[in-house]
Enquirer: 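Before I ask anything, here is the structure I am working with.
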Amino acid sequence: MKEFFLKQGASPDAMTPAQFSAHIANELARWKRVAATANIQAE
Amino acid sequence: MKKLFKLLCLAALLPAAASAQTNFPNKPITLLVGSAPGGSNDTFARTIGRHMQDALGVSVVVENKPASGGVLANALVAKAPADGYTLVVLSSTFTTGAAVRNNLQYDAVKSFAPVSMLARGPLLITVGNNTPFKTLPELVTFAKANPGKLNFGTSGVGSINQFASEIFSDIAKIKMTHVPYKGMGPAVNDLMSGQIDMIIASAPSLLNHVNNEKIRGLSVTTAKRSPIAPKIPSLDEYGYGAAAVDLWWGVLAPAGTPADVVQKLNTTIKLSVRIK
């Protein structure tokens, strides 16, 4: 697993379900703002 | 592994775990993946699947659904019974995709019960060797004096590379020109030959070229330095921590999955990513 993570350039990072939910909701809100400002639309 | 199994057995005996769902799981669990076998999501799913199987004592099956740009697997899990037996393993393209597509058959927040993140990693901010920039502030100073003159390559419109580049431009208050490619390979070739000036992309796409001095790594996109490239400064060190972006992989269940089932899956998955 460690070798696989290294290959992905990632490290293990578990969160509680509540932390992970908040992470996804925050990120989505942020990307929606960026998509609107930079006018990014799906191809 | 035996130790883990004992731990889980002990946990199951604790009175706090008692509830209507204590018999979870008692049948096979399916992990859906929105890409073909061999990709990073698939490899994550197969690896944690093996650990979950050992820890939970039921079979855990990986099913690949590489249709509709990967979103079919998400849609299937959003509509699956909310009992913890159908899960999806996905990456941070889940949120970038949801931010730009308005034809999805699910709501990225309301349709799911997030179970656990598995791993996260930085993107790298790199420039071509033909550019004069040795540090991130040098690039920012040039870009401020020459709006729109620097070109950044991405693997396409709506990619995480574009989101990371746009948010960096926004926080650093600079303007650069987007050059979308069909995939990261050709973009990286053009960075090395000097056709474009900058790329922000994942470590697997760039780190080898940085280490071989074919391109320069100016920063990782995370707030702190990364163990995978400890010599490369972080955004926080330059005061651009607000532009921090990471790639992540995680597991989601359908919305409405009982909290104790989500918690049991979370605990199992958390242990599985820590095992070597």
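Residue numbering restarts at 1 for every chain, and letters A, B, ... go by the order of the sequence lines.
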Enquirer: Which region of B:Asn266, side chain (C-beta onward) or backbone (N, CA, C, O), has a non-hydrogen atom less than 4.5 Å from a non-hydrogen atom of chain A, or is it both or neither?
Expert: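 Just the side chain, heavy atoms under 4.5 Å.
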Enquirer: Taking side chain as C-beta onward, heavy atoms only, is B:Phe94 less than 4.5 Å from A:Glu27?
Expert: no
Enquirer: Would you mind checking which part of B:Leu118 comes under 4.5 Å of any heavy atom in chain A, side chain (CB onward), backbone (N, CA, C, O), both or neither?
Expert: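 For B:Leu118, the backbone is the part near chain A, not the side chain.
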Enquirer: Between A:Arg30 and chain B, which part of the residue has a heavy atom less than 4.5 Å away: side chain, backbone, both or neither?
Expert: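 Answer is side chain: those atoms of A:Arg30 sit under 4.5 Å from chain B.
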Enquirer: Can you find a heavy atom in the side chain of B:Val88 that is under 4.5 Å from one in the side chain of B:Leu31?
Expert: no
Enquirer: Could you tell me which portion of B:Ala99 (side chain, backbone, both or neither) has an atom closer than 4.5 angstrom to a non-hydrogen atom of chain A?
Expert: both
Enquirer: In terms of heavy-atom pairs under 4.5 Å, which option from B:Asn102, B:Ile269, B:Leu247, B:Val245 contacts chain A the most?
Expert: B:Val245
Enquirer: Are B:Arg46 and B:Asp42 within salt-bridge range, i.e. N to O under 4.0 Å?
Expert: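 Looking at B:Asp42 together with B:Arg46, the answer is yes, because their closest N to O distance falls below 4.0 Å.
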Enquirer: Could you check whether any side-chain heavy atom of B:Val109 comes within less than 4.5 Å of a side-chain heavy atom of A:Leu28, counting everything from C-beta outward?
Expert: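 In short, these two side chains touch, coming nearer than 4.5 Å.
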Enquirer: Please tell me whether B:Phe168 and B:Phe152 form a close aromatic pair, meaning their ring centres lie under 6.0 Å apart.
Expert: no
Enquirer: Could you check which of B:Asn103, B:Asp170, B:Ile228, B:Leu265 has the highest count of heavy-atom pairs closer than 4.5 Å to chain A?
Expert: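 Heavy-atom pair counts peak at B:Ile228.
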Enquirer: Quick one: what part of B:Leu123 sits under 4.5 Å from any heavy atom of chain A, side chain, backbone, both or neither?
Expert: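 Neither part; nothing is under 4.5 Å.
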Enquirer: To the nearest 0.5 Å, what is the distance between OG (B:Ser91) and CZ (B:Phe44)?
Expert: 9.5 Å
Enquirer: Checking B:Ser202 against chain A: side chain, backbone, both or neither under 4.5 Å from a heavy atom?
Expert: neither
Enquirer: Are B:Val188 and B:Leu206 packed together at the side-chain level, in the sense that at least one heavy-atom pair is separated by less than 4.5 angstrom?
Expert: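 Side chain of B:Val188 against side chain of B:Leu206, heavy atoms only: contact under 4.5 Å found.
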Enquirer: Who wins among A:Ala36, A:Ala29, A:Pro12 for the most heavy-atom pairs under 4.5 Å with chain B?
Expert: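 Among the listed options, the one with the most contacts to chain B is A:Pro12.
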Enquirer: Could you have a look at B:Gly121, B:Ala98, B:Ala119, B:Ala253 and say which one has the most heavy-atom pairs with chain A under 4.5 angstrom?
Expert: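 The candidate making the most pairs under 4.5 Å is B:Ala119.
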Enquirer: For each of B:Ala203, B:Gly158, B:Pro204, tally heavy-atom pairs with chain A at distances under 4.5 Å, and name the one with the top tally.
Expert: B:Pro204
Enquirer: Taking all atoms of both residues into account, what is the closest heavy-atom pair of B:Trp248 and B:Leu90, and its distance?
Expert: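 Result for this residue pair: CZ3-CD1, 3.7 Å.
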Enquirer: Below 4.5 Å from any heavy atom of chain A, which atoms of B:Ser92 appear? Answer side chain, backbone, both or neither.
Expert: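 For B:Ser92, heavy atoms of backbone and side chain both lie under 4.5 Å from chain A.
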